[in-house]
Protein chains: 2
Amino acid sequence: MPPKVKSLEDREKLRARIIDAARTLFVERGIEAVSMREIAKKINYSATTLYHHFADKDALLQAVCDEDFLKLASGMRELMQLPNLIERIQALSKGYAMFALQYPNHYRLMFMTPRAPCNLDITEIEQGNTEQDAYAQLKLVVKEAFDAGLFRPEITHFELIAQTLWASTHGVCSLEIALGNEPWIQWVEIDRRFNLMQRAVLRGLLRDPDSVE
Amino acid sequence: MPPKVKSLEDREKLRARIIDAARTLFVERGIEAVSMREIAKKINYSATTLYHHFADKDALLQAVCDEDFLKLASGMRELMQLPNLIERIQALSKGYAMFALQYPNHYRLMFMTPRAPCNLDITEIEQGNTEQDAYAQLKLVVKEAFDAGLFRPEITHFELIAQTLWASTHGVCSLEIALGNEPWIQWVEIDRRFNLMQRAVLRGLLRDPDSVE
DNA sequence: ATCGTTAATTTAACACCGTTAACTTAAAAT
DNA sequence: ATTTTAAGTTAACGGTGTTAAATTAACGAT
């Protein structure tokens with residue numbers, strides 16, 4: 001028993017409900033295991049309706065991730081207040097890791113699942129916008145520290161440093177999420193793994209290793 | 001025009017052909033994009049035949065991966081001959097990374113996908129067996145270097161070191177696999193990312209940072 | 001040699017999937 | 001009062017993983 005011409009506001013509301021339902025199911029059971037029909041049923045619509053809001057399943061997935069990226073970025077922005085550059089880098093790294101481990105399934109969607117390369121036209125996130133992009137914030141701090149000469153002189157490219165820092169934290173977190181309770185690995189506590197990684201990689205990058213911690 | 005009672009040897013041969021066809025297609029186009037029917041057609045059999053050799057698509061996938069990880073482990077075993085301990089660690093790390101980037105779809109399945117109950121019963125790989133398990137080999141070298149006093153003295157647990165080294169390489173590789181062609185990141189070349197990570201983390205872990213490279 | 005058995009393989013079908021064309025319905029615009 | 005518009009539906013297409021049932025050919029025993 002269908003239609004009622006809806007206001008633009010209502011349309012946005014339905015869009016949001018679709019995204020929320022999709023996220024819940026994706027996170028519960030994995031992307032491939034969730035069908036468009038299921039998502040639709042969860043909010044009492046037919047599957048076709050989803051296609052009036054999103055071009056296809058990938059676009060819906062992209063929308064789910066976009067929201068989570070924004071949330072992550074806004075959480076990180078608060079940490080950018082710390083005055084000491086190295087402490088700020090450490091705080092960003094720690095904040096990122098806590099997000100990953102607190103919302104492992106979101107993290108999986110965002111950073112561990114190869115998806116069709118996002119059409120920049122389709123994403124609503126302004127990449128590079130510090131307000132919206134967590135990686136842009138890391139780049140910002142790293143550049144500042146780079147310009148201040150804090151890193152070893154043979155490293156000539158600051159973005160390479162940012163990507164290395166990112167990869168180190170991502171390595172610890174994603175391994176924990178993917179294999180954290182495999183019985184054949186005697187994992188050391190995740191905190192100790194995170195701390196050693198952060199210490200080691202920073203010591204390895206900084207001109208003065210003893211300035212860390 | 002079907003059957004001919006086949007010897008046990010022939011049965012093994014067909015099993016191998018299925019695995020090879022599956023691997024080729026998985027690597028070419030990704031796991032989800034390849035259907036059982038396609039794999040079967042590639043070797044001129046019907047889809048049903050695959051199910052007489054493998055319980056389902058996952059089991060086939062697992063068989064493909066098992067083969068490749070045995071190959072990985074055996075490839076790594078050769079690198080274990082290097083006399084210098086640090087060079088040996090570096091070589092293991094590089095070998096691991098090259099495997100990950102050459103077979104991103106297998107790597108994704110083994111190390112980037114959380115498995116519910118851990119398929120230890122199904123896998124034919126003996127974990128911990130140095131001949132078959134790549135992580136066991138890393139542990140072996142790290143322990144040797146640890147006992148030789150090569151690492152910084154405040155690090156008291158050698159397995160923590162092994163896991164940190166693993167996570168660092170995994171971080172670079174898995175980020176590349178998941179987000180390597182996202183247009184909103186200006187990725188530095190993967191080689192440079194790998195090299196800096198390896199240098200940095202080793203310098204950060206070693207008692208004598210200048211012994212690296 | 002012929003029978004029954006057995007194993008390899010196929011065809012046909014089931015219940016899903018993502019997606020789309022065609023249709024319904026009710027409100028808004030004329 | 002009629003037309004237009006858009007939200008929503010049903011029904012279908014061609015695909016998927018998987019399985020039940022049928023087919024075929026070689027073997028062992030009679």
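All chains are named by letter (A, B, ...) in the order of the sequence lines, taking the proteins before the strands, and each is independently numbered beginning at 1. Heavy-atom basis, side chains included; hydrogens, waters and symmetry copies ignored.
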How many whole angstroms separate atom [atom1] of [X] from atom [atom2] of [N]?
{"X": "Leu50(A)", "N": "dT9(D)", "atom1": "CG", "atom2": "C1'", "result": "13 Å"}
{"X": "Glu38(B)", "N": "dT18(D)", "atom1": "CD", "atom2": "C1'", "result": "16 Å"}
{"X": "Tyr51(A)", "N": "dA12(D)", "atom1": "OH", "atom2": "P", "result": "19 Å"}
{"X": "Leu14(B)", "N": "dA8(C)", "atom1": "CG", "atom2": "P", "result": "10 Å"}
{"X": "Leu61(A)", "N": "dC17(C)", "atom1": "CG", "atom2": "P", "result": "17 Å"}
{"X": "Asp56(B)", "N": "dT16(D)", "atom1": "CG", "atom2": "C1'", "result": "14 Å"}
{"X": "Lys41(A)", "N": "dG8(D)", "atom1": "NZ", "atom2": "P", "result": "19 Å"}
{"X": "Asp58(B)", "N": "dT16(D)", "atom1": "CG", "atom2": "P", "result": "17 Å"}

Notebook entry, point to check: Where do Arg23(B) and Glu67(B) land on the salt bridge (charged side-chain N to carboxylate O under 4.0 Å, His left out) test, with the steps shown first?
Noted result: CA-CA 10 Å; Arg23(B) 171 170 34 239; Glu67(B) 278 199 6; 3.1 Å; yes
Notebook entry, point to check: What pair of heavy atoms forms the shortest contact from Glu38(A) to Ala33(A), and how long is it?
Noted result: OE1-O, 3.5 Å
Checklist line | Ile18(B) versus Ile39(B), closest heavy-atom pair with distance | finding: O-CG2, 4.2 Å
Phosphate-side-chain proximity, [X] and [N], N/O vs OP1/OP2 below 4.0 Å:
{"X": "Arg11(A)", "N": "dA7(D)", "answer": "yes"}
{"X": "Tyr45(A)", "N": "dG8(D)", "answer": "yes"}
{"X": "Thr48(B)", "N": "dT10(C)", "answer": "no"}

Check: Looking across every strand, which nucleic acid part, if any, lies under 4.0 Å from Ser35(B) by heavy atom: base, sugar-phosphate, or nothing?
Finding: sugar-phosphate
Notebook entry, point to check: What do you reckon, is OH of Tyr103(A) surrounded by more than 12 foreign heavy atoms closer than 6.0 Å?
Noted result: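 No - once you tally the heavy atoms of other residues, nucleotides and ligands closer than 6.0 Å, there are 12 at most.
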Next item on the list: Record whether the side chain of Thr49(B) comes under 3.5 Å of the base of dT10(C) through a donor-acceptor pair of N or O atoms.
Entry: no
Next item on the list: Give a yes or no on whether a donor-acceptor pair under 3.5 Å exists between the nucleobase atoms of dG17(D), that is its base, and the side chain of Arg37(B).
Entry: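 Counting by modelled atom types and ignoring angles, a donor-acceptor contact under 3.5 Å is found here.
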Margin query: Using the rule ring pair (Phe, Tyr, Trp, His ring centres under 6.0 Å), only one of Tyr107(B), Phe194(B), Tyr135(B) pairs with Tyr96(B); which is it?
Written below: Tyr107(B)
Next item on the list: Name the residue closer to the 5' end of DNA chain C, choosing between Met36(A) and His52(A) according to the nucleotide with the nearest heavy atom.
Entry: Met36(A)
